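Report on the following structure.
These numbers come from a predicted model, not from an experiment.
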Amino acid sequence: MKNLLSLFVVAMMSPACHAQDLHLNDREYFERQGVNVLVFSNNFNGGFNDEKNSGIEIIHHGVRTVQGGAVRLNNTPEQWDLVPKTISRKVNREQGSIEVVTRYDDYDFDSRIVVTAKGKAVEIAVWLDKPVPAKLAGEAGFNIEFLPSQYWLKTYSVDGRLGRLPRYATSLTVTRPNGEKPRQFKGFKTYDDRGTDRFVDPLPIETGHQITLATDQPERMVTVSSDAELKLYDGRILAQNGWYVLRSVLPANKTGKVLSWTVEPHAIPGWIREPNIGFSQVGYTPDQPKVAVIELDKNDTPKATASLMRINADGTTQQAFSGAISNWGPYYKYNYVKFDFSSVRQPGVYYIQYGNTRTNDFLIDAHVYDKITDATTDVWVPIHMNHMYVNEGYRTWHGEPFKEGYLQAPESDHFDLHRQGPTTDTKYKPLELIPGLNVGGFFDAGDFDIETGSNINVVQNFIRTWELFKPQRDETFVSQQQRYVDLHRPDGVPDILQFIEHGTLNLVAQAEQIGHMASTLSNSVLDNYHHLGDAASITDGLHYDPTLKPYEVSADGKRSGTPDDMWAFTTRSPRLDQQAATMFAAASHALKGYNDDLAARALTQSKRLKQEADELMNKIAADSQEQADFSWLGAGSQGDMATNLQLYGATGEKQYLKNFESQIWKALDRNVSFTMQTALDAVPYMNESYKKKLRPYVEKFAAYIKSFDQQNPYGVPIGLGNWAGVNMVLNFGIAVNYAHIYFPDIVSKDEVYRVSNWLYGCHPYHNYSFVAVVGAARPKQVFYGNNRADFSFIPGNVAPGLLFRQPDHFENYDDWPFLWGQNEGTIAGNTQYIIFGSSFKNIVTQQ
Ligand SMILES: [Ca+2]
Ligand SMILES: [Ca+2]
Ligand SMILES: [Ca+2]
């Protein structure tokens, strides 16, 4: 905090005489009011390669609209095209420049980019010590990318010729021999060339030497000029998550300064960002604390007061409350103040008026939280049921996917971070059909694989919700026999039981057919992994037959030569087997009386897997010189404690509880915040003396909760990773809820609203609810679901939230769904939200 504060003060005191020019600030980026130019504050990092948040970036009047500035090997690089590795980054304050050396190992190709502030513009120069490698001549170029949703339908000018950036990609393309395409990540191919051995290459929309984008919108206007030819492309031709690309090919056979661009982002004189008034879009109950957090530009002057306005039944408005603005202080690049209107308790429709800024309206009412989990349980979860046809009214969400089943994965390195080792660890030969796996299970996230670890979590989350709250809600028809799901059609069975059953069906099948748990059931080829559309069309539904030619179908219509069948990755992990064994025990307990056959099968697999996994782990530990690697198995580890508790819950065998008790106190002594949830989960099984012994730890936890009020203006843990921190926030919220349920005198009811406020709109960047369709007046509009190409959402999805970009920018696009780090929902995270929401509702409805 202190460090941030001093940075803020320094930034505030920057000499006014340079205010109109770009200058290199203390956070190592170029800045003028309304414009930030970042030079490799964020590096390309490989892997998924689609982060679209690296290289040279421009944050233009508060929105990161330009990124990807780097030497690239394609006209419009896709996800999984090679990205450059950053070798060095130097900030030269005297010259006002930043210099970055990047490298493509695959081509032994180094280049140096020097960005220098020149008045209101920056010069971007590319330097080479050795000429472009012959293989990349004509392919390597300097690229920079513009965010389509902020530029489409804007006018542009190229050397005086006018045009409008297209809303949808329709520009011209050519095909070229595959041999001419620079290799993609790990040699995978993103495209199915239909046997032509040619790839698609977009042609430019325009070429010239001076280009201005968004001549009609001062906030977005950028002018680029160069002696080299500038080409403007539409990256969406190849991939829906592509951006507009501006590019100059690097000259062949040249060294030294081979390219220079002048880039001038227009700045609106005296621009000050509109205040972002964070509040709960779902609304507030009359008795809860109500504090809006207002995010202010650092050049903004806080107002003295704000008002809460009531909208009367006849449409007239009146001031319900006026109160003082209190200062919180700086947090990264903005300044924060708060407006407390807790004293307003009268139910009604309200909005906040702060200076000229008026929020949308919201409710104060005892029932505002009643429906916060309904969209997730009734819509999001059933749509993610794999191996089923899912219907809703007139709409089919997807047909029955993967009818041909799953093949044994051969040895492979995988694009979704999986690996199949040199042996299969099964009785199956590589590419042999493993029968019976195309049943049950849930799509992982914005993709369609079955991540076994996540699916285990999902079943556990449902079981936990079932055992704690016994929700009888029945809005979903599920027929395993028909392989058919119909939304909003009650069938007499609580949906949550059907979800537990559906998850268990796939996991039990894995244990029975494979003998142990697969790490994943996933795509075999990259060109159908990025599928956007009906899940049933990812594969052709026909068994792969390598004796047929690609795209050929057998005479009986049952087999094809297209290698699109999904694979089961079966490298054995005894740890995963142990997790599955625990889950199977709990599932057996939950399913008893509803599906006795499945309950019995789950119990059989639980016992067998536990025994085999224990033996394997002991053997590995005995064989290994590095037993420390398996220390998580030993006493005191978090995983073991939670497992023992779950096993006790499922079996009632006292030994598990003894194991738990022998570890919990040491773990709490080591780390209260990390262990608190497990300690609280045990309360229902324990006596009063356990609760008494736990009290001082809960007191510590209460102090930990309050510590977030000093760490940031929003009072919740905020993650700074590549995946925004919603899982961490939900975990925190669940622990706070349980601490309040069992120790209301230590953790007061007021604390449980921290996480709901954050989720439903009280957070940086904008004030939209992160839960799709939840947040009555203004939920987010776009998410990274499997319908993201439609700029849409699947109701009930929870976004990861605020993605942090170095050095000081939080972001959550609501017009561009394609960044998974801020907009994807996962099956494990969304079922975690059901636990948070169920426990939260339970607390709120109790007077
Ligand atoms: Ca996945
Ligand atoms: Ca049902
Ligand atoms: Ca197939």
- Audit row: Val782, Asp815, side-chain contact (heavy atoms from CB on, under 4.5 Å) steps and yes/no: CA-CA 6 Å; Val782 304; Asp815 58 357; 5.8 Å; no
Starting at [atom1] of [X], measure out to [atom2] of [Y] and round the result to the nearest 0.5 Å.
X	Y	atom1	atom2	value
Tyr753	Leu759	OH	CG	14.5 Å
Tyr697	Leu694	OH	CG	8.5 Å
Ile325	Leu296	CD1	CG	8.5 Å
Thr376	Lys371	OG1	NZ	14.5 Å
Asn712	Trp758	CG	CH2	7.0 Å
Leu803	Glu811	CG	CD	6.0 Å

Surrounding [atom1] of [X] (heavy atoms of other residues, nucleotides or ligands, distance under 6.0 Å), is the total greater than 12?
X	atom1	answer
Lys692	NZ	no
Arg489	CZ	no
Asn671	CG	yes

Centroid separation under 6.0 Å, is that true for the rings of [Y] and [X]?
X	Y	result
Phe708	Phe732	yes
Trp380	Phe443	no
Tyr714	Tyr331	no
Phe362	Tyr351	no
Trp816	Phe791	yes
Phe442	His502	yes

- Note on the structure: Those residues at least two apart in sequence (or on a different chain) that pass side-chain hydrogen bond (donor to acceptor under 3.5 Å, both in side chains) with Thr359 are none
Between the side chains of [X] and [Y], is a donor N or O closer than 3.5 angstrom to an acceptor N or O?
X	Y	result
His740	Asn737	no
Ser307	Gln319	yes
Asn455	Glu451	no
His60	Glu219	no
Tyr760	Gln281	no
Asp474	Gln498	no
Gln150	Tyr813	no
Gln288	Asp750	no
Asn830	Asn797	yes
Thr396	Tyr389	yes

Looking at [Y], is [X] sitting on its ring face, NZ or CZ under 6.0 Å from the six-membered ring centre and within 45 degrees of the normal?
X	Y	result
Lys691	Phe743	yes
Arg310	Tyr350	no
Arg273	Trp271	no

Of all heavy-atom pairs between [X] and [Y], which one has the smallest distance, and what is that distance?
X	Y	result
Gly719	Phe810	O-CE2, 4.3 Å
Pro471	Thr465	CD-O, 3.6 Å
Ile372	Val774	O-CG2, 3.7 Å
Ile352	Ala292	CD1-CB, 3.8 Å

Do the side chain of [X] and the main chain of [Y] share a donor and acceptor less than 3.5 angstrom apart?
X	Y	answer
Lys290	Ile364	no
Asp340	Ser342	yes
Asp495	Glu475	yes
Asp378	Thr476	no
Asp365	Pro347	no
Asn391	Gly393	yes
Asn276	His763	yes
Tyr354	Lys303	yes
Asn767	Ile277	yes
Ser839	Phe836	yes

Would [X] and [Y] pass as an ion pair if we require N to O under 4.0 Å?
X	Y	value
Arg754	Asp709	yes
Lys333	Asp297	no
Glu824	Arg788	no
Asp814	Lys780	yes
Arg695	Asp745	yes

- Is the Tyr332 ring parallel, tilted or perpendicular to the Phe804 ring (thresholds 30°, 60°)? tilted
Are the side chains of [Y] and [X] in contact, using a 4.5 Å heavy-atom criterion?
X	Y	value
Thr377	Ile496	no
Phe469	Ser838	yes
Tyr765	His809	yes
Thr316	Asn312	yes
Ile734	Gln832	yes
Asn461	Ile834	no
Glu274	Thr357	yes

- Message: Between Asn457 and Thr831, is the side-chain contact (heavy atoms from CB on, under 4.5 Å) condition met? List the steps.
- Response: CA-CA 9 Å; Asn457 280 336; Thr831 49; 5.9 Å; no
- Task: Check the pair Phe477, Tyr484 against side-chain contact (heavy atoms from CB on, under 4.5 Å), reporting the backbone distance first and the verdict last.
- Result: CA-CA 8 Å; Phe477 170 93; Tyr484 196 94; 4.1 Å; yes
- Message: Please determine whether ring pair (Phe, Tyr, Trp, His ring centres under 6.0 Å) holds for the pair Tyr768 and Phe770, giving the CA-CA distance in whole Å, both sets of side-chain angles, and the decisive distance to 0.1 Å.
- Response: CA-CA 6 Å; Tyr768 313 149; Phe770 286 138; 9.2 Å; no
